[in-house]
Novice: 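Would you mind keeping the following structure in view while I ask a few things?
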Amino acid sequence: MTDGLDAARRGRPHHPDRATDGGEGTRFEVFVQRLDAVSWDRLHHAYGIADDVPDMLRALRDPDPEIRGDALGGLHATVLHQGTRFEASQEVMPFLVTLIDDPATPDRGDLLQLLTGLAIGDRRDDRLPFDPATEPTAAARLDGVDTADLVRRFHEEQDADDFSGEEFELLNLLAARWEDDCYHRAAAFQDVIVSWIGDPDDTVAARAAALAAWFPLNTATVQAWLAVPASREQPRASANLALAHTLLEDPRIDRLLDSLLDTDPRTDPRNDAGIGAGIVTVTAAVATAYRKGEALSPAALTVLIETAHRDPIGEVTGWSRALRGFVMLALHRLDLHV
């Protein structure tokens, strides 16, 4: 069992490229050592044995953007193939966390997008707030079942007729277990991910604010969402949408959202087009409607109705649903159809 898996199961973030034993190696040298300690040749991804994963992870630090792009594309194709996770997928996650956590790593926002895909897959925001305890789990049904040979055959035999109905059911259960494993592996790094909400890179901060919404709510997460300045458009808008899905009754949240609605659209610096509310104000209105329903303020309602008739209205980094979709859902909650 790897050091990273042990640490994740204890709930303590594991940083594979940090020397914790007093050694003299550089961060990257330690990263490589920890990377090589994983038995990749005993794990599978979408295309078979995962022994090519370490080279792809190393290449994410390459100075050549083309090499980095190929490596990132390769990881998407292998450990997150069409949204499916595999044995090797969760083993990749501690190394992605380490790379994203290092400001010297290029393309950190893109790596966080991959980490998010591994953690939550194609789950949509209508599953928020998310409670993993209510999710069906495949682990119990697989207890005591030796699936190693079945996994090997799945990667070696492409003819569906080679598998029985029972074996297909086991393969589906395995996919569900790998998905569950990836979510819990990411949740073990919740405190690190929450710290990225304050990252100076707007893409990293916005994606972190969105991903944090999928983990159990705690004081640090709420504080991080509240602390994002309104001047940082994408992170603030993403944090607003996260707060929209928070059931917590906290007057600080509502005061903040009200303050973000108190702007003149004609002078709002967050509005690039110069007409209508910017995405910070629009997402604040959405969050107010989600949280208060028909008790929302006239200002929030005005923003939602005006935005529903405006095009374009922008998008929010970290969220798969279009901002217009959020606006329409907010109006639907108010039983308004515009």
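What's counted below: heavy atoms across the whole structure, side chains too, no hydrogens, waters or symmetry copies.
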Novice: Under the side-chain contact (heavy atoms from CB on, under 4.5 Å) criterion, do Thr283 and Phe326 qualify, and how do the steps go?
Specialist: CA-CA 8 Å; Thr283 52; Phe326 281 113; over 6 Å; no
Novice: Shortest non-hydrogen contact from Ala289 to Leu334?
Specialist: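 Looks like CB-CD1, 4.5 Å.
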Novice: Taking Arg85 for its side chain and Ala175 for its backbone only, find out whether a donor-acceptor pair lies under 3.5 Å.
Specialist: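 No, Arg85 side chain to Ala175 backbone: no donor-acceptor pair under 3.5 Å.
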Novice: Say whether, by atom type as modelled, one donor and one acceptor occur between the side chain of Trp40 and the main chain of Leu35 under 3.5 angstrom.
Specialist: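 Side chain of Trp40 to backbone of Leu35, a donor-acceptor pair under 3.5 Å: yes, one is there.
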Novice: How long is the straight-line distance from CG of Leu260 back to CZ of Arg255, given to the nearest 0.5 Å?
Specialist: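 So the CZ of Arg255 and the CG of Leu260 are separated by 13.0 Å.
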Novice: Do you reckon Leu248 sits in the same ILVMFWY cluster as Val194, going by side-chain contacts under 4.5 Å, direct or chained?
Specialist: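 Leu248 clusters together with Val194.
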Novice: Run the ring-centre check on His81 versus His45 and record whether the distance is less than 6.0 Å.
Specialist: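 No, they do not, as the ring centres are separated by 6.0 Å or more.
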Novice: About how many Å separate CG of Leu114 and CG of Leu60, when rounded to the nearest 0.5 Å?
Specialist: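 Output value for this atom pair is 8.5 Å.
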Novice: Using modelled atom types only, decide if a donor and an acceptor are shared between the side chain of Glu87 and the backbone of His44 within a distance under 3.5 Å.
Specialist: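 At least one qualifying donor-acceptor pair exists.
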Novice: If we count only N and O atoms by modelled type, under 3.5 Å, do the side chains of Trp178 and Ser89 hold a donor and an acceptor together?
Specialist: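 No donor-acceptor contact under 3.5 Å links the two side chains.
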Novice: Within a strict 4.5 Å, meaning less than it, do heavy atoms of the Asp107 and Leu72 side chains meet?
Specialist: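 Result no, sub-4.5 Å side-chain heavy-atom pair not found.
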Novice: Distance check, rounded to the nearest 0.5 Å: Asp36 atom CG versus Arg34 atom CZ?
Specialist: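 These two atoms lie 12.0 Å from each other.
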Novice: Could you tell me whether the side chain of Trp196 reaches within less than 4.5 Å of the side chain of Leu211, counting heavy atoms only?
Specialist: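 They are not in side-chain contact.
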Novice: Do side-chain atoms of Trp225 reach the backbone of Ala209 as a donor and acceptor pair under 3.5 angstrom?
Specialist: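 Yes.
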Novice: Decide whether Ile49 and Tyr47 are clustered together by the hydrophobic rule: side chain heavy atoms of Ile, Leu, Val, Met, Phe, Trp, Tyr closer than 4.5 Å, transitively.
Specialist: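 No, it is not one cluster - the side chains of Ile49 and Tyr47 are not joined through contacts under 4.5 Å.
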Novice: Donor-acceptor pair, Thr98 side chain versus Pro94 backbone, under 3.5 Å?
Specialist: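 Yes.
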Novice: Search all heavy atoms of His309 against all heavy atoms of Ile305 and return the closest pair with its distance.
Specialist: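 Closest approach of His309 to Ile305: CD2-O, 3.1 Å.
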Novice: Which value, rounded to the nearest 0.5 Å, describes the distance between Leu174 atom CG and Asp181 atom CG?
Specialist: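 Rounded to the nearest 0.5 Å, the CG-CG separation comes out at 10.0 Å.
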Novice: Between Asp125 and Arg321, does any side-chain N to carboxylate O distance fall below 4.0 Å?
Specialist: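 The answer is yes: the pair qualifies as a salt bridge.
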Novice: Does the structure place the NZ or CZ of Arg333 under 6.0 Å from the centre of the six-membered ring of Tyr290, at an angle of no more than 45° from the ring's axis?
Specialist: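 Flagged: Arg333 positioned over aromatic ring of Tyr290.
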Novice: May I ask you to decide if Val280's main-chain N or O and Asn240's side chain share a donor-acceptor pair within less than 3.5 Å?
Specialist: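 Present.
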Novice: Using every non-hydrogen atom in the two residues, find where Thr307 and Arg324 come nearest and quote the distance to one decimal.
Specialist: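 Taking Thr307 first and Arg324 second, the nearest heavy atoms are O-NH1, 3.6 Å.
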Novice: Does any non-hydrogen side-chain atom of Gln190 lie less than 4.5 Å from one of Pro216?
Specialist: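 The answer is yes, as the side chains (C-beta and beyond) meet within the 4.5 Å cut-off.
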Novice: For a quick test of reading the model, state the closest non-hydrogen atom pair linking Trp319 to Ala213 and the distance between them.
Specialist: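 For Trp319 versus Ala213, the nearest heavy atoms are CH2-CB, 4.3 Å.
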Novice: Between Phe130 and Phe215, is the ring centre distance below 6.0 Å?
Specialist: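 Centroid distance Phe130-Phe215: not below 6.0 Å, so no.
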Novice: Taking side chain as C-beta onward, heavy atoms only, is Arg185 less than 4.5 Å from Leu118?
Specialist: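 The answer is no, as the side chains (C-beta and beyond) never meet within the 4.5 Å cut-off.
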Novice: Which heavy-atom pair separates Ala71 from Met56 by the least distance, and what is that distance?
Specialist: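 Between these two residues, the closest heavy atoms are CB-O, 3.4 Å.
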Novice: Do the side chain of Ser39 and the main chain of Arg42 share a donor and acceptor less than 3.5 angstrom apart?
Specialist: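 No; zero donor-acceptor contacts below 3.5 Å.
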Novice: Does Leu115 form a side-chain contact (heavy atoms from CB on, under 4.5 Å) with Ile100? I'd like the steps, not just the answer.
Specialist: CA-CA 9 Å; Leu115 182 70; Ile100 298 164; 4.1 Å; yes
Novice: Counting distance only, does the side-chain N/O of Asp201 pair as donor-acceptor with the main-chain N or O of Val204 below 3.5 Å?
Specialist: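 Side chain of Asp201 to backbone of Val204: a pair is present.
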Novice: Are Leu128 and Thr246 packed together at the side-chain level, in the sense that at least one heavy-atom pair is separated by less than 4.5 angstrom?
Specialist: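 SC-SC contact between Leu128 and Thr246 ruled out.
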Novice: Testing Asp102, Asp101, Asp199, Thr203 for side chain to side chain donor-acceptor pair (under 3.5 Å) with Arg108, which one passes?
Specialist: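 By the side chain to side chain donor-acceptor pair (under 3.5 Å) criterion, Arg108 pairs with just one of Asp102, Asp101, Asp199, Thr203: Asp199.
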Novice: Between the side chains of Asp55 and Arg58, is the shortest nitrogen-to-carboxylate-oxygen separation below 4.0 Å, so that they form an ion pair?
Specialist: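 Yes, this pair counts.
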Novice: Other residues, nucleotides and ligands only: do more than 12 of their heavy atoms fall within 6.0 Å of CG on Asp41?
Specialist: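 Correct, the count exceeds 12.
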Novice: Is there a side-chain contact (heavy atoms from CB on, under 4.5 Å) between Arg236 and Leu256 once you walk through the steps?
Specialist: CA-CA 11 Å; Arg236 181 64 265 161; Leu256 171 65; 3.6 Å; yes
Novice: Once rounded to the nearest 0.5 Å, what's the spacing between atom CG of Leu112 and atom CG of Leu96?
Specialist: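 Separation between the atoms: 9.5 Å.
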Novice: Does any part of the side chain of Val286, heavy atoms only, come nearer than 4.5 Å to the side chain of Val327, both counted from C-beta?
Specialist: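 The answer is yes; the side chains approach within 4.5 Å.
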Novice: Could you check Leu57, Val38, Leu43 and say which one makes a side-chain contact (heavy atoms from CB on, under 4.5 Å) with Val92?
Specialist: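 Among Leu57, Val38, Leu43, the one meeting side-chain contact (heavy atoms from CB on, under 4.5 Å) with Val92 is Leu57.
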Novice: At their closest point, which heavy atom of Gly117 faces which heavy atom of Leu80, and how far apart are they?
Specialist: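 Closest approach of Gly117 to Leu80: O-CD1, 3.5 Å.
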Novice: Going through the distances and angles, do Leu301 and Glu294 end up as a side-chain contact (heavy atoms from CB on, under 4.5 Å)?
Specialist: CA-CA 9 Å; Leu301 181 58; Glu294 294 181 357; over 6 Å; no
Novice: Would you check, one step at a time, whether the test ring pair (Phe, Tyr, Trp, His ring centres under 6.0 Å) holds for His245 with Trp214?
Specialist: CA-CA 10 Å; His245 296 90; Trp214 291 92; 8.5 Å; no
Novice: Is Gln223 reaching over with its side chain to a backbone N or O of Asn218, donor-acceptor style, under 3.5 angstrom?
Specialist: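 It does not hold such a pair.
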Novice: Under a 3.5 Å distance rule, please check whether Gln234 uses its side chain to pair with a backbone N or O of Asp202 as donor and acceptor.
Specialist: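 Not at all, since once roles are kept as given, no pair shorter than 3.5 Å links the two residues.
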Novice: Does Arg124 form a salt bridge (charged side-chain N to carboxylate O under 4.0 Å, His left out) with Asp126? I'd like the steps, not just the answer.
Specialist: CA-CA 5 Å; Arg124 297 272 288 183; Asp126 54 10; 5.6 Å; no
Novice: State the CD-OG distance between Glu233 and Ser238, to the nearest 0.5 angstrom.
Specialist: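 OG of Ser238 is found 12.0 Å from CD of Glu233.
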Novice: Run the salt-bridge test on Arg123 and Glu179 with the 4.0 Å N-O cut-off and return the result as yes or no.
Specialist: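 A salt bridge links Arg123 with Glu179.
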